[in-house]
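The structure appears right after this line, and notes come after that.
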There are 2 protein chains.
Amino acid sequence: MSCRGLLITVTGKMQLMATPKQRATVQGGAVRSVLADGAGFSSAQDIHAALRLQGKPVGLSTVYRHLQSLVEQGAADVIQSPDGEATYRYCGETTSAHHHHLVCRKCGHTEEVTARAIERWAADIASKFDFSDVDHTVEIFGTCAPCRRTADEIALDT
Amino acid sequence: MSCRGLLITVTGKMQLMATPKQRATVQGGAVRSVLADGAGFSSAQDIHAALRLQGKPVGLSTVYRHLQSLVEQGAADVIQSPDGEATYRYCGETTSAHHHHLVCRKCGHTEEVTARAIERWAADIASKFDFSDVDHTVEIFGTCAPCRRTADEIALDT
DNA sequence: ACTGCTAACGACAATCACTCCCACTAACGA
DNA sequence: TCGTTAGTGGGAGTGATTGTCGTTAGCAGT
C-alpha cells in the first residue's frame, strides 16, 4: 500500500538516471494490460491463464514478478481474498491515494471507497494503545446486485 | 484458562446441552488450551509445535480440524496475516460480539477493538452500491510499544 | 464392567499458491 | 552491429492447508 518511503530511498541512491533501468518487455506490457482490462480483483493464476488464452503465454514467475513490481509502484492493489489467495487489481498510476474496496465475492467486481473517517479512526485506535508504524486493511465483501439476481434465478429453477 | 472445566461439565450431562454430538477428546482440549494460553494470534503450525513441546503431540490435521471447528463455534477468530498465513486467536465463548483487532506485527500481541461507527459505515457503503450479504474485514497492524523499544536497542547495538 | 457404533485421530499423500534458481533471450545504449 | 545485463521461463522447491483411510477411543445402551 504505502511503500512510497522505500521507493524514494531507493531512487535516491541511483539518482543519476531518472527511471533507472526498467526495460519495456512484451511480457510486462501483457501482464499490465490484462490486469487493467479485468474489472475487479484477479489472482496471479487467473492472469496467467488469461495470458495463455490470449495466445501470449507468459511464465508464471514472470507474472508474479510484474504483479509485485506493479504493487510496489502503486499501480496495483493487492488484497488477500478470504481464502488466503492474493488478488490484484489495476489502479492506474494516478490513483495514488490510499483507499479501500467493496468487492463482490461472486464476480470480483470492485468499487473503490475512500473514507477519511476510517483513517482517522485507525490512527486514533493505534495511538490509544501506543502502537506505531500502523497500517490497516479494510475490505468489504458482498454480493453485487447483478450477481444477486442471477443467484435468485438459479434458486427458482431448482 | 478454564476451558477444561467447561468440557468436564459438558460431559457430565451431555444430552440436554447444545453441542449434540461432539466428543470431548484430549487432543481437542489441548488445542483449545494452547490457543487460549497464547497472548495473540498464532498460526496452526505454531500451535502444532507448541503442543509437541508440551509433550502432547497432536497430529497436524487434528490441529487444523479443531481450529476450524472453534472458528465455526465462534470461540476463535481467524485472520490472514499480511503474508497470507491464517492465524487464530481464542476469544472465549462469551465474546460473541463482532469486533476487530489491533495486532502487533512483531509479537502478535492483540487488542480487541469494537467500533459501531465502522459497522455503520460498512453497511452504508454496501447499501449505497446495492451490495447485499455484506461482510467486512478491518484489521490494524502496527508495532506495539515493547517491541518498538527492543527494536530500538538492537538498532543502537549495530 | 462389556460391547458396538462411529466420531475423532494421525500419518502420509496430495494440492495449491508462491518463490527460487539458473541457463538462456532480447532490450537498449554505445 | 555488439556487449552488457535486465528480464524471462520452466522446473524444482517450499510451506501451508486439505484429503484419505485404517486405527483408536468416547460414549451410549446393555
Side-chain angles (χ1 to χ4, degrees), chain A residues 10-11 14 16-32 34 41-52 54-73 76 78-88, chain B residues 4 6-32 34-35 41-52 54-73 76 78-88 108:
Chain A
V10 169
T11 33
M14 25 174 70
L16 298 179
M17 24 198 161
T19 337
K21 31 180 73 180
Q22 180 127 334
R23 293 185 182 174
T25 63
V26 262
Q27 292 89 339
V31 168
R32 181 181 274 255
V34 165
F41 280 88
S42 34
S43 70
Q45 312 279 340
D46 289 344
I47 291 167
H48 181 235
L51 250 4
R52 187 165 294 264
Q54 287 185 15
K56 314 181 211 167
V58 173
L60 188 54
S61 338
T62 306
V63 172
Y64 275 105
R65 262 191 300 255
H66 280 287
L67 251 16
Q68 261 173 359
S69 74
L70 285 172
V71 169
E72 274 162 24
Q73 290 164 33
V78 221
I79 63 176
Q80 307 277 0
S81 75
D83 63 334
E85 194 179 10
T87 54
Y88 302 81
Chain B
R4 243 84 42 102
L6 177 101
L7 282 178
I8 290 162
T9 326
V10 168
T11 32
K13 270 206 181 137
M14 182 106 195
Q15 55 213 150
L16 301 177
M17 323 261 338
T19 44
K21 38 176 68 181
Q22 179 128 336
R23 293 185 180 172
T25 63
V26 263
Q27 292 89 341
V31 169
R32 182 182 272 255
V34 165
L35 192 66
F41 280 89
S42 34
S43 70
Q45 312 279 341
D46 289 344
I47 291 167
H48 181 235
L51 249 5
R52 186 166 295 265
Q54 288 185 13
K56 314 181 214 167
V58 172
L60 189 53
S61 338
T62 305
V63 173
Y64 275 105
R65 265 192 297 256
H66 280 287
L67 252 15
Q68 261 172 0
S69 73
L70 285 171
V71 170
E72 274 161 25
Q73 291 164 33
V78 222
I79 64 177
Q80 308 277 359
S81 76
D83 63 334
E85 194 180 10
T87 54
Y88 302 82

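Below, chains carry the letters A, B, ... as their sequence lines are ordered, and counting in each starts from 1. Values reported hereafter were calculated over all heavy atoms of this structure, with side chains retained and with hydrogens, waters and symmetry mates removed.
- Interface remark: the Arg65(A) side chain does form a donor-acceptor pair with the dG9(D) base, using a distance-only criterion of under 3.5 Å.
- Gln45(B) is listed as a side-chain neighbour of Leu60(B), based on a closest heavy-atom distance under 4.5 Å.
- Note on the helix from dA1(C)-dT30(D) to dA30(C)-dT1(D): angle between the axes of the first and last five pairs equals 30°, rounded to 10 degrees.
- Taking each heavy atom of Ser43(B) and Glu85(B) in turn, the nearest pair found is CB-OE2, 3.2 Å.
- Among the atoms of the strands shown, only primed sugar atoms or phosphate atoms (P, OP1, OP2) are found under 4.0 Å from some heavy atom of His66(B).
- In this entry the distance linking NZ of Lys56(B) with P of dC9(C) reads 14 Å, nearest Å.
- Arg65(A) has its side chain out of reach of Ser69(A): every pair of non-hydrogen atoms, C-beta onward, lies at least 4.5 Å apart.
- Here the closest heavy-atom approach between residue Ala86(A) and residue Val78(A) is recorded as CB-CG1, 4.2 Å.
- At least one side-chain heavy atom of Val34(A) sits under 4.5 Å from a side-chain heavy atom of Gln54(A).
- To the nearest 0.5 angstrom, His66(A) atom NE2 is 10.0 Å from Gln73(A) atom CD.
- The closest side-chain heavy-atom distance from Leu35(B) to Leu67(B) is below 4.5 Å.
- The heavy-atom pair separating Gln80(B) from Ser81(A) by the smallest distance is NE2-O, 4.3 Å.
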What protein N or O atoms touch nucleotides 15-18 of chain D N or O atoms at under 3.5 angstrom, if any, and at what distances?
residue : atom : partner  : partner atom : Å
dT17(D) : OP1  : Ala86(B) : N            : 2.9
dT17(D) : OP2  : Tyr64(B) : OH           : 2.6
dT17(D) : O5'  : Tyr64(B) : OH           : 3.2

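- Going from atom CZ of Arg32(A) over to atom C1' of dG7(D) covers 16 Å, rounded to whole Å.
- Residues Tyr88(A) and Leu70(A) form no side-chain contact, since every pair of their non-hydrogen atoms from C-beta on lies 4.5 Å or further apart.
- Side-chain nitrogen and oxygen atoms of Gln27(A) include none within less than 4.0 Å of the OP1 or OP2 phosphate oxygen of dG7(D).
- In this structure, the CG atom of Leu70(B) is 14 Å from the C1' atom of dA8(C), given to the nearest Å.
- Judged purely by atom type and a 3.5 angstrom limit, His48(A) has no side-chain atom pairing as donor or acceptor with the backbone of Gly59(A).
- In this entry the distance linking CG of Asp46(A) with C1' of dC18(C) reads 14 Å, nearest Å.
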Contacts under 3.5 Å, N or O only, protein and nucleotides 28-30 of chain C:
residue : atom : partner  : partner atom : Å
dC28(C) : OP1  : Ala24(A) : N            : 3.0

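- Looking at Gln27(A) and Val31(A), their side chains never come closer than 4.5 Å, going by heavy atoms from C-beta outward.
- Protein atom NE2 of His48(A) is 15 Å distant from nucleotide atom P of dC16(C), rounded to whole Å.
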